[in-house]
Protein chains: 4
Amino acid sequence: MAGGTKRLPRAVREQQMLDAAVEVFSERGFHETSMDVIAQRAEISKPMLYLYYGSKDELFAACIQREGQRFAEAFTIVGDPHLAPREQLRKAIEVFLGFVAENRSSWMVLYRQAVGQQVFMGQVQSTRDRLIELTAGLLEHSTREPMPDQDFHMMAVALVGAGEAVADRVAGGEVTPDFAVDLLESLAWRGLSGKKKGE
Amino acid sequence: MAGGTKRLPRAVREQQMLDAAVEVFSERGFHETSMDVIAQRAEISKPMLYLYYGSKDELFAACIQREGQRFAEAFTIVGDPHLAPREQLRKAIEVFLGFVAENRSSWMVLYRQAVGQQVFMGQVQSTRDRLIELTAGLLEHSTREPMPDQDFHMMAVALVGAGEAVADRVAGGEVTPDFAVDLLESLAWRGLSGKKKGE
Amino acid sequence: MAGGTKRLPRAVREQQMLDAAVEVFSERGFHETSMDVIAQRAEISKPMLYLYYGSKDELFAACIQREGQRFAEAFTIVGDPHLAPREQLRKAIEVFLGFVAENRSSWMVLYRQAVGQQVFMGQVQSTRDRLIELTAGLLEHSTREPMPDQDFHMMAVALVGAGEAVADRVAGGEVTPDFAVDLLESLAWRGLSGKKKGE
Amino acid sequence: MAGGTKRLPRAVREQQMLDAAVEVFSERGFHETSMDVIAQRAEISKPMLYLYYGSKDELFAACIQREGQRFAEAFTIVGDPHLAPREQLRKAIEVFLGFVAENRSSWMVLYRQAVGQQVFMGQVQSTRDRLIELTAGLLEHSTREPMPDQDFHMMAVALVGAGEAVADRVAGGEVTPDFAVDLLESLAWRGLSGKKKGE
DNA sequence: AATGAATGAGTTTTCATTCAT
DNA sequence: AATGAATGAAAACTCATTCAT
């Protein structure tokens with residue numbers, strides 16, 4: 001009878017909770033965040049959190065999961081076979097940095113939070129691996145240079161690493177996504193030898 | 001039977017403690033590590049830890065500090081003016097990955113641990129920044145392409161990011177340092193356009 | 001076997017905890033009392049104490065607060081304007097010593113505990129000050145002697161001090177409240193010059 | 001050979017330590033004071049403290065002891081049989097408040113510190129008792145009113161209580177010793193009925 | 001005579017987690 | 001379906017106290 005005790009369908013509640021969790025985790029970090037605070041933010045009681053997610057770890061995992069999902073989905077467009085591989089690579093970089101720029105508070109921080117929590121490293125790595133494989137594939141189709149797969153893979157590792165580093169700066173507002181895209185693309189294709197600003 | 005409860009001079013104990021701390025922190029992560037465990041590993045009592053380092057945070061900071069120091073020192077060789085800038089860059093990459101390969105359990109993990117602990121980000125960033133500036137300088141002297149400083153800086157950010165990503169793989173034993181050095185150098189100079197294995 | 005682990009409404013538990021806390025603090029003193037012991041005495045778990053009161057200091061403050069409150073309330077009767085000032089003063093002394101006699105284990109000891117704990121001195125002094133002002137007012141209206149306010153105030157300080165000292169003896173069972181009331185009243189009015197027992 | 005390690009005769013060291021201890025205890029309170037700090041202040045090592053005083057409690061006891069002694073000694077003058085009893089009482093009040101005024105940082109605080117530490121209450125009480133007996137004796141010889149000893153004793157309790165309360169104000173600088181002496185003497189002899197300022 | 005080095009034993013405090021309603 | 005009430009378990013930190021030199 002008292003106000004505020006709504007009966008909501010499960011799916012809605014779940015999202016409401018994840019929203020709150022992502023928010024708080026991203027603001028304060030995993031360990032600094034207590035279940036109390038998440039419950040408060042989600043405007044539900046702690047037992048509800050446990051009913052739906054079982055434990056703090058599982059809740060955090062669910063957060064990474066969902067955000068990773070959204071991230072991955074952003075890349076579906078890249079596979080467009082109408083585009084030349086080079087175009088696809090550029091597109092991929094755009095999508096990546098674009099996503100980061102628009103979701104800094106949620107994804108970037110979750111990402112940076114999850115890294116360093118041994119327990120979740122696996123999940124992060126798996127999201128990252130998907131990105132690396134995607135990149136490796138694009139590289140392979142974009143160049144005539146014949147290289148062993150292994151090389152493409154490691155090159156993709158390096159490029160994604162570069163991308164993440166730059167993404168941090170984008171998220172921090174230190175560079176514009178546009179500038180960063182050019183820079184990364186240029187790095188990928190020509191390294192220092194051919195970088196020409198704005199070209 | 002265990003190593004003996006000797007009276008050691010302060011300086012020695014300090015290092016002994018840091019050794020243990022670096023070890024445990026690197027194995028379990030900052031939050032998952034209790035002072036109790038560090039004390040056990042160092043074969044001393046908890047109060048000593050506090051006597052010497054004041055708090056868990058300060059102890060961890062001291063770890064980062066020392067390892068960062070060692071890391072930085074490894075680079076002193078790079079400044080050698082007898083070498084051409086390109087040689088210097090290659091040398092720097094070698095040093096970087098070499099250090100990581102030989103200190104995986106301590107530095108790499110500390111590095112990865114410290115990131116994501118808001119409080120220590122500053123310290124990590126400052127070590128990283130030194131590396132970035134060093135790199136930016138090398139880039140600037142290695143190319144004839146005229147670019148704004150800002151561009152060199154961001155390019156260095158990207159390269160260091162790539163280096164860190166590759167370093168993770170080196171630390172994980174997935175690639176040899178040699179291979180990784182070639183790859184990074186190649187990326188830096190020619191990007192994909194000119195990568196030729198073993199060249 | 002022990003009193004039962006029931007779910008009690010907040011307000012009830014709060015009092016239960018304060019009761020236990022006052023008891024233990026009064027028996028052992030502030031510093032000698034651990035939260036563990038209070039929790040045991042209250043038959044609840046330590047986290048509850050923290051949930052309700054936040055910290056040991058705050059809990060102790062709450063104790064002083066509540067007991068000070070009860071003490072102050074005992075004096076409401078004194079303000080009765082139907083009584084002559086002299087009657088009021090006597091009444092006040094009666095109330096004061098009566099309260100102490102009946103609440104020795106809680107108030108007197110808290111009072112004596114709180115003094116000497118720098119942090120809580122303020123709170124004690126403020127309760128004491130109320131008493132002093134009350135007394136000063138009564139003195140002022142009870143005598144024809146014109147004196148500066150300052151004098152009444154300091155005289156009240158002295159009388160309250162005398163009252164506290166005697167109260168200690170009352171609390172210790174060394175004198176009866178009745179005897180003590182006569183003595184204090186006599187001291188207040190005539191000093192040694194006119195003390196006549198039972199007059 | 002290094003400076004500062006003097007060999008001092010036992011008696012000197014003892015006083016040096018007590019001086020430091022009284023100082024620190026009075027500044028910070030018993031529980032808030034650590035042996036470390038006392039040792040530092042005394043410019044000796046902690047083991048010395050233990051060698052000389054055995055334990056923190058014993059050290060504090062020694063502090064009270066010494067200060068109580070000094071206090072008691074101040075009263076030797078009072079016993080002067082050349083003076084009339086009334087004069088002696090006035091003198092006693094003067095001595096008491098004078099002592100407090102000049103030793104506030106040491107004695108007053110120790111006094112206020114010791115009260116409330118159950119363990120030392122006994123010692124404080126015994127110093128206080130000496131004062132009360134002294135006072136009771138003076139009262140008995142100062143008045144013609146015949147009263148049971150018990151009455152004199154309790155009257156002395158009250159007066160000493162008043163004295164202590166006023167002493168606090170003197171120590172706090174809220175009143176001058178002179179004013180306070182008049183007030184207390186007046187209270188003792190005439191109560192409110194006859195107080196005449198400056199008379 | 002004197003001390004730097006070392007610790008056992010507690011204390012407060014904080015959470016993730018679960019009943020009982 | 002939902003929650004206020006409750007706790008077990010552990011972590012950081014402190015201090016009086018004692019060796020070994």
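Residue numbers start from 1 in every chain, and the chains themselves are labelled A, B, ... in the order their sequence lines are given, proteins ahead of strands. All figures in this text were calculated on a predicted structure; none of them were measured in a lab.
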Visitor: For salt bridge (charged side-chain N to carboxylate O under 4.0 Å, His left out), just list the numbers for B:R70 and B:E73, CA-CA rounded to whole Å, side-chain angles, deciding distance to a tenth of an Å, and then say yes or no.
Guide: CA-CA 5 Å; B:R70 296 204 317 143; B:E73 275 161 15; over 6 Å; no
Visitor: Students often get this wrong, so: under 4.0 angstrom with heavy atoms, is B:I44 touching a base, only sugar-phosphate, or nothing?
Guide: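 Sugar-phosphate, backbone atoms only, no base.
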Visitor: Out of curiosity, B:M121 CE to A:R112 CZ, how far, rounded to the nearest 0.5 Å?
Guide: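 Going from CE on B:M121 over to CZ on A:R112, the span is 8.0 Å.
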Visitor: Quick one: does NZ or CZ of D:R10 land under 6.0 Å from the six-membered ring centre of D:Y52, within 45 degrees of the ring axis?
Guide: yes
Visitor: Mark yes or no for whether D:Y53, through its side chain, and D:E14, through its backbone, hold a donor-acceptor pair below 3.5 Å.
Guide: yes
Visitor: B:Y52 near the nucleic acid: base, sugar-phosphate alone, or nothing, with a heavy-atom cut-off under 4.0 Å?
Guide: sugar-phosphate
Visitor: Looking at residues 26-41 of chain C, who's got a heavy atom less than 4.0 Å off DNA chain E?
Guide: C:T33, C:S34, C:M35, C:D36
Visitor: Determine: side-chain N/O of A:R13 to OP1/OP2 of F:dA2, distance under 4.0 Å, yes or no.
Guide: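 Affirmative; the distance criterion is met.
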Visitor: Could you write out DNA chain F as dot-bracket? Rules: Watson-Crick or G-U wobble, both distances under 3.5 Å, brackets [ ] for crossings, | for pairs with another strand, dot for unpaired.
Guide: .||||||||||||||||||||
Visitor: Could you tell me if D:K56 sits above the aromatic ring of D:F30, with its cationic atom closer than 6.0 Å to the ring centre and no more than 45 degrees from the axis?
Guide: yes
Visitor: Is B:Y50 close enough to F:dC13 that one of its side-chain N or O atoms is under 4.0 Å from OP1 or OP2 there?
Guide: yes
Visitor: Return the 5'-most residue of the pair C:M17, B:P47 with respect to DNA chain F, ranking by each residue's nearest nucleotide.
Guide: C:M17
